[in-house]
Each structure stands twice: as structure tokens, then as C-alpha cells.
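Here the structure is laid out as C-alpha cells; the discussion comes afterwards.
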Amino acid sequence: MFLFKQTTANFRNINILFAPGLPGEMTQRPIFDDLSALGCDIYSFYYSGTYEQVGIFDLEQANKDLVNAIQEMEDKKLPFTILGYSFSTYFLQKIDLAQYSNILGLSMFSPIMGLDPKSIKADFFEELETLHKDSTQPFKCNLELLKTQIPASELNFDYSLSKFALYNFPVTFAYSLNDTLINVDTINYKLQNYRIQHTYNKFLVWDSSEGYHRLDTYYNNSMKAYFEGLFIAADLKRLIDDEVYVYFWGSQITQKSNKESDIDLLIFTKSNHLIYTKILREYQDEHAKIANLKFDLSINTLEDIYTKKSYRFNRGPSITHELTYHYFGIYKIPHLPIVQTYDLLEDCYQATLTNLNEARKILLKTSLTSERVKKIPKFTIFALIYLQYYYNHLNIDWSKIKDYYLTNSEYHNIISKIEKIQAEDYQDLNIEFLQVCVEVMEKIHKEQEHVLATLQKPNPIKDKQIKSFYLMRHAEKNRQESHNSLINAELDITTDGKAKTESVAEYLLQNKIEVIYASNYKRSVSTAQIIADRLDLQVKQEELIHEKIFSTDNLSDEQAFDLYNKSFEDWDYSNHGSESINQAVTRLKRGLVQILEKEDHITTLMVSHGRVMQSFFNSLENFTEKDFKAKELMIDYSDVYQVFYRLDGDALSFVGVIQVL
């Protein structure tokens with residue numbers, strides 16, 4: 001296996017590593033020409049056993065081939081994004097990409113991924129057999145062995161999405177709704193469901209209505225705009241000698257418009273952004289000449305986020321809400337302030353009111369020939385989107401807003417009409433329809449008002465008897481090679497994990513932490529020590545707050561996967577020297593109580609572990625802003641929660657929890 005450069009560009013140091021499908025026709029594709037025109041160098045490789053490469057193709061060797069290609073890009077110190085197609089998405093989920101420092105992003109076209117019966121169709125193997133027999137497509141493999149290897153995979157979409165969500169670079173998916181080889185309904189459900197359940201747009205999804213199992217049939221202007229945004233963000237990181245976070249939005253991406261669209265890039269810098277303004281504006285002007293693509297920069301400091309200043313964009317929700325629900329993070333701020341549901345709904349209420357008043361003014365004073373009247377249908381769509389927040393659809397897909405209103409809904413027809421008018425460049429706008437739009441907004445505003453009136457603004461510390469402490473998951477750990485908990489207790493944290501912990505320490509410095517506890521696991525102690533050094537404190541250890549003991553045996557992946565499923569389905573189940581979930585939660589609570597009884601009236605931070613924390617939160621009643629009942633781990637590395645408790649005499653009870661970082 002070796003890398004070869006397919007295209008060469010001159011004015012950018014951006015690279016694409018293409019991981020082909022199998023056997024994958026290795027031709028010069030239009031997508032490569034397009035990306036090359038944006039300034040990319042494109043690298044690719046052959047898998048062993050395909051084309052002129054010697055050897056026999058099998059899954060184990062193919063996985064090694066891809067790892068070697070990634071490592072070669074890393075060794076060359078080339079910043080790159082991985083473009084995986086079809087079969088290669090299976091291998092990409094098996095590799096820990098977090099260990100590579102030069103990866104800018106991961107894009108997967110026609111994601112087969114888990115290769116379980118629910119994600120691919122039987123005729124995939126038929127196609128392999130056809131290609132295997134076709135003398136014009138050299139494809140040397142033991143097909144019978146391949147068939148036995150694939151169903152044995154323990155990996156699946158749920159596992160993959162949870163893993164991809166932990167990466168600090170953007171992840172995108174592209175597939176066709178009439179793909180011939182993947183079970184589109186399953187993939188579509190898994191991706192959309194995962195996005196809806198999470199509090200930010202971790203995944204960008206393109207599900208085109210046309211095309212089939214071929215790479216170029218998925219590629220469109222929306223993807224071109226995304227890649228352009230990705231490369232601009234990489235340029236900005238090189239231009240600014242600072243810690244830079246970039247959020248990305250463009251109507252061409254979110255609404256799948258075929259029209260030329262600008263890109264909005266929200267830039268957050270660690271220090272004073274004003275010193276970079278001239279540099280960024282010059283880059284913006286120069287880039288427009290080269291790439292012929294417009295983009296807007298909005299430059300802020302991290303202080304704007306952490307002080308919760310309400311910077312508004314397009315008169316919508318405040319900036320923290322926008323970043324959480326609408327913008328796609330390219331270089332994502334590690335710890336956004338938690339957005340309380342009540343605050344979001346109140347903000348949407350004010351945004352709808354602002355847009356409604358503006359629409360009324362336009363209707364009274366503006367002629368139909370003015371560009372301003374086009375804002376009224378747009379404001380109506382915004383109001384309909386904001387209304388969905390009132391019904392817990394926090395991470396909706398703007399391009400599918402109609403899906404949230406059933407065909408028998410009174411709002412469905414207005415969306416259909418607006419979409420039709422927008423597609424025809426607003427040629428059919430008339431005064432009667434604009435009046436209907438305003439009436440719809442008025443009704444939505446009243447509906448929002450009614451919902452808000454039924455809610456009480458949360459104040460978890462209004463009871464003076466209630467106290468709190470901070471509970472944190474350890475920083476990102478090194479790769480896990482074993483399922484034996486005794487061995488894994490010695491895993492340390494990664495370089496990236498150390499950097500993120502330092503940013504957490506800055507936040508905790510403001511909260512006047514007085515004492516720090518860690519479990520006896522190495523990754524927990526290392527995390528706590530970084531914070532303790534910043535706060536000039538000592539780390540104390542409490543063994544009882546360690547991670548759930550998964551197993552004390554050296555299990556195979558298949559055994560471990562089976563044990564995990566059984567323990568989640570039955571919280572009293574334990575085997576292979578493991579703890580049941582109920583045992584782990586009981587132990588953790590006992591450890592927390594012991595610490596709190598010793599450190600009463602002291603602001604305390606405890607560093608623990610994701611699985612046992614999520615199980616603990618799950619055991620509480622509905623006090624959280626987040627649903628912790630999902631099977632997938634929903635507590636990220638370095639997440640910090642404020643846990644509230646009450647002391648009644650000698651009895652201690654936990655009464656609530658909110659995420660603060």
C-alpha cells in the first residue's frame with residue numbers, strides 16, 4: 001500500500017485523504033477536480049489485493065492499509081480531512097482518529113459503517129462476487145472468508161455515532177435516499193435520531209433525493225460550500241497566532257439551496273480579537289478573488305461566551321443558543337455555557353415578537369416590489385422553527401421543518417406555500433399571502449406566550465437548605481486496548497485532554513473551588529492534578545467514586561459487547577467480576593456522601609467517570625436538562641455538572657443536577 005497524489009494545488013496547504021470503497025474504481029472524479037480547484041491536494045491509495053497491489057484483500061489487512069495511509073499523512077505533517085467512501089467507512093469507525101493531530105475533519109459518503117444486517121443490503125455481497133469474477137476489475141480476495149468476517153463485527157451505527165461525537169473535528173455524512181446498497185431507512189433514522197437527542201449539531205448530514213451508490217452522485221454545491229468553510233477555518237488558524245474556535249453556517253448548507261450563498265463564520269479568539277481585524281479582512285478580500293465565494297466573518301472573544309452576553313444574529317436567539325442549536329462547529333469551543341430550557345424558550349419568544357413587529361411594519365409601509373417583503377415569509381419560517389423548541393425539538397433540521405408539522409397540521413400548508421414561493425424567487429407574493437404570514441406569526445406568538453405562562457423559571461438554589469458540589473468526568477483518556485477494568489485503571493489522559501482540562505481550570509477558578517477529590521484511577525488523578533495546580537490546591541483521593549467495574553477478566557470484543565448489553569438491560573446483572581449498574585451507583589453515592597460529610601460548607605470538585613456518573617444521574621428523578629436514560633454515553637470528557645443536595649439532620653439526599661461546562 002502506498003499513497004499517491006491525484007491532484008496538485010498551489011495556493012493552500014490543505015489536503016484530502018481519500019479512502020476508497022472496495023473495489024472502488026480509481027478514476028479522476030469530478031469531486032476531486034472541484035476540491036482541487038478550492039486549493040486541495042488529494043491523496044489516495046489502493047487496498048492490498050485490489051488493482052496492481054499484491055496480496056489478498058481481507059478486512060484485517062485493509063484496516064492496516066488505511067491506518068498506514070493516515071499515519072503517512074500524519075508523518076508528513078500534512079493537515080488533512082478524510083473522505084471515506086462506502087466500504088472504507090467500516091474501517092474508519094474501527095480506528096481511533098483522536099490520536100492524530102493533523103486531522104481537520106471526517107466526511108463519509110454512503111456510510112456502511114457497522115456492516116450489520118440492518119445497515120447493508122444482501123446484494124452488496126452479490127456485487128462483490130460480480131467484481132471478483134470480472135477480469136477487468138482485479139480484486140483478489142477470499143470471498144468466503146470475507147463473508148465470515150463481516151457478520152462477526154461487533155460494531156454498529158449506535159457505537160460509531162457515539163465514538164464520532166467525541167472527536168473535536170467536524171463529522172459529515174452523505175448518502176442518497178434511493179441508494180442501491182445501503183438500507184437508507186436505517187441510516188437515516190439513526191443519524192437523525194442521534195442529532196435530535198443531542199444538544200448541538202455534531203453531525204452535518206446530506207441525504208440527497210437522487211443518486212445511487214457512487215461517490216460523485218452525492219456531491220453537490222452544499223458540500224462544496226462546506227469544504228470551502230473547512231479550508232477557510234484552517235487558513236484562519238494559521239493566520240491568527242491564538243486559540244481559535246470557528247462555527248459555520250450557510251443557507252446553502254442548511255436549506256439545500258442551489259443558489260449561490262455566502263458562508264457565515266463565527267470566529268472566537270482567546271485574546272482581544274480587535275488586533276486581528278485587519279488581518280482577517282485582508283484575507284477575506286483576497287480569498288474572494290481566488291475562490292469566488294463570499295463569506296462573512298463575525299469575530300468575538302471567548303469572554304463574550306463565558307459572560308453570557310446576548311449577541312444576536314438575524315434577530316434570533318442569543319449567541320449561546322445559536323451556537324448550540326444552529327451552527328455547525330468546525331473548531332468547537334470545548335465548553336459552552338449550559339442553555340437552560342426556560343431561557344431558550346423566553347429568547348425564542350422575544351425573537352418571534354421582534355420579527356412579528358418588523359413584519360407588521362413592512363406590511364404597512366413597503367410595496368410588493370421591494371426586497372424587504374421577502375423577509376415576511378422568512379420570519380414566518382423562523383417563528384415555526386422557534387415554536388418547535390417549545391415541544392422539545394431542540395436540534396431540528398431547518399431544511400426539514402415541514403416534517404415537524406403533520407400534513408393535517410394548520411401550519412403544514414403555510415410552510416409548503418412559502419417553500420414554493422421561495423423556489424420561484426418570490427414571484428407569486430401578494431398582499432393576501434403576506435397577511436396570512438403575519439396572522440400565523442401572531443398565532444405562534446400567542447402559543448409561545450401560553451406555554452411560557454405555564455412554566456416557572458428554574459432556580460435550583462432558591463431553598464437556602466440546598467447546597468451543591470461540582471462533579472466532573474475526567475479528561476480524554478488514552479486508547480483502551482483491554483476490557484479488563486483493572487488494567488484500564490492505569491490509563492492516563494491524552495495531550496488534547498490535558499489542554500481541555502486547563503480551560504476547565506480557568507472556569508473553575510471563578511467558582512472558588514476549595515477542595516478537589518479524584519477517584520483512584522490514573523486518568524482521574526491526572527485530570528484533578530492539572531486543576532489543582534492552577535488553583536493551588538492538593539488532590540485528595542476517594543476510591544469509592546471510581547468507574548463502574550466492567551470486568552476483571554480479559555474478554556474478547558464479542559464477550560464485552562454482550563456483557564455491556566446485558567448489564568444495561570438489567571441493572572442488577574453482573575458477570576466476569578463486574579459490578580452491576582445498581583452496585584456501582586450505590587457505591588458512588590456512598591463515596592459522595594462521605595466526601596460531603598467531611599467537607600460540609602466547602603466548595604468541592606470531584607473528578608469521576610462517565611458511565612458511573614450517567615448511571616447516577618439516571619437514578620435521580622427528572623431534575624436534569626438532559627436525558628441520561630440513553631444507552632449511549634452522553635457525558636463527554638471534561639464535562640462538569642453542579643449537583644444539588646439537602647441535609648436533613650444526618651440524612652443527605654440528592655435533589656438535582658445541571659450541566660455547567
Side-chain angles (χ1 to χ4, degrees), residues 196 199 251 254-255 308 310-326 338-366 368 370 372-422 426 428-459 622 625:
I196 289 170
T199 55
S251 61
T254 58
Q255 299 179 32
K308 298 187 180 180
S310 292
Y311 288 87
R312 295 179 178 272
F313 296 87
N314 300 322
R315 293 179 178 161
S318 66
I319 190 169
T320 52
H321 300 167
E322 286 279 303
L323 293 184
T324 303
Y325 298 116
H326 294 165
I338 188 68
V339 179
Q340 300 291 339
T341 300
Y342 184 91
D343 294 336
L344 173 63
L345 299 187
E346 187 175 47
D347 217 50
C348 289
Y349 171 82
Q350 295 297 332
T352 300
L353 179 60
T354 301
N355 289 339
L356 174 58
N357 289 333
E358 178 71 9
R360 286 168 174 163
K361 290 178 184 177
I362 293 172
L363 196 59
L364 286 173
K365 298 182 179 181
T366 309
L368 283 172
S370 170
R372 292 189 70 205
V373 296
K374 297 179 182 179
K375 290 184 176 181
I376 296 179
K378 292 179 181 178
F379 289 160
T380 307
I381 291 292
F382 288 152
L384 289 162
I385 290 169
Y386 297 153
L387 182 58
Q388 285 303 302
Y389 294 166
Y390 282 75
Y391 303 112
N392 264 340
H393 294 147
L394 299 181
N395 194 11
I396 67 174
D397 185 340
W398 283 27
S399 66
K400 295 185 175 181
I401 181 62
K402 192 162 53 176
D403 295 350
Y404 293 87
Y405 294 95
L406 301 176
T407 53
N408 59 353
S409 166
E410 59 183 309
Y411 295 130
H412 186 86
N413 290 336
I414 189 74
I415 298 174
S416 300
K417 179 70 172 176
I418 290 173
E419 288 181 344
K420 183 175 183 295
I421 286 176
Q422 288 177 332
Y426 299 92
D428 290 339
L429 269 185
N430 56 65
I431 193 68
E432 291 79 12
F433 179 69
L434 293 176
Q435 287 173 338
V436 170
C437 287
V438 172
E439 290 171 2
V440 167
M441 294 174 66
E442 289 172 341
K443 184 166 184 176
I444 291 171
H445 185 251
K446 289 179 181 177
E447 196 169 345
Q448 292 174 330
E449 192 171 50
H450 172 73
V451 174
L452 270 181
T454 65
L455 301 176
Q456 183 177 359
K457 190 165 185 177
N459 183 9
N622 296 323
E625 290 287 330

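Side chains are part of it too, since the values below use all heavy atoms of this structure and drop only hydrogens, waters and symmetry mates.
How far OG1 of Thr352 is from CG of Asn357: 11.0 Å, rounded to the nearest 0.5 Å. Atom-to-atom distance recorded for Ile376:CD1 and Arg360:CZ is 11.5 Å, nearest 0.5 angstrom. Within the model, atoms CD of Glu419 and NZ of Lys402 stand 4.0 Å from one another, a figure rounded to the nearest 0.5 Å. Atoms CD and NZ, on Glu442 and Lys446 in that order, are 6.5 Å from each other to the nearest 0.5 Å. Atoms SG and CD, on Cys348 and Gln388 in that order, are 11.0 Å from each other to the nearest 0.5 Å. Here Ile401 contributes atom CD1 and Ile381 contributes atom CD1; the two are 7.0 Å apart, rounded to the nearest 0.5 Å.
Counting heavy atoms from C-beta on, the side chains of Leu384 and Ile414 come closer than 4.5 Å. Looking at heavy atoms from C-beta onward, Gln422 lies in side-chain contact with Lys378 at the 4.5 angstrom threshold. Looking at Lys417 and Val436, their side chains never come closer than 4.5 Å, going by heavy atoms from C-beta outward. Side-chain contact between Leu387 and Gln448 is present, with heavy atoms from C-beta onward closer than 4.5 Å. Within the 4.5 Å cutoff, side-chain heavy atoms of Ile431 are placed close to those of Leu363. Inter-residue side-chain proximity for Lys365 and Arg372 is flagged as unmet; no heavy-atom pair is nearer than 4.5 Å.
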Handout entry: Steps toward side-chain contact (heavy atoms from CB on, under 4.5 Å) verdict (Leu356, Ile444)
Key = CA-CA 10 Å; Leu356 174 58; Ile444 291 171; over 6 Å; no

Handout entry: Derivation of the side-chain contact (heavy atoms from CB on, under 4.5 Å) call for Tyr404 and Ile385
Key = CA-CA 9 Å; Tyr404 293 87; Ile385 290 169; over 6 Å; no

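Between Tyr405 and Tyr411, the angle of the ring planes goes over 60°, which puts this pair in the perpendicular group of the 30/60° scheme. Using a 30° and 60° split on the angle between ring planes, Tyr386 and Phe382 fall in the parallel class, below 30°.
What you find for His412 and Leu406 is that their closest heavy atoms are CB-O, 3.3 Å. Minimum interatomic distance between Pro377 and Ile418 (heavy atoms only, all atoms of both residues): O-CD1, 3.7 Å. Residues Thr366 and Val373 share a closest heavy-atom pair of CG2-CG1, 4.0 Å.
Side-chain atoms of Tyr390 come within 3.5 Å of backbone atoms of Leu345 as a donor-acceptor pair (strictly under, hydrogens ignored).
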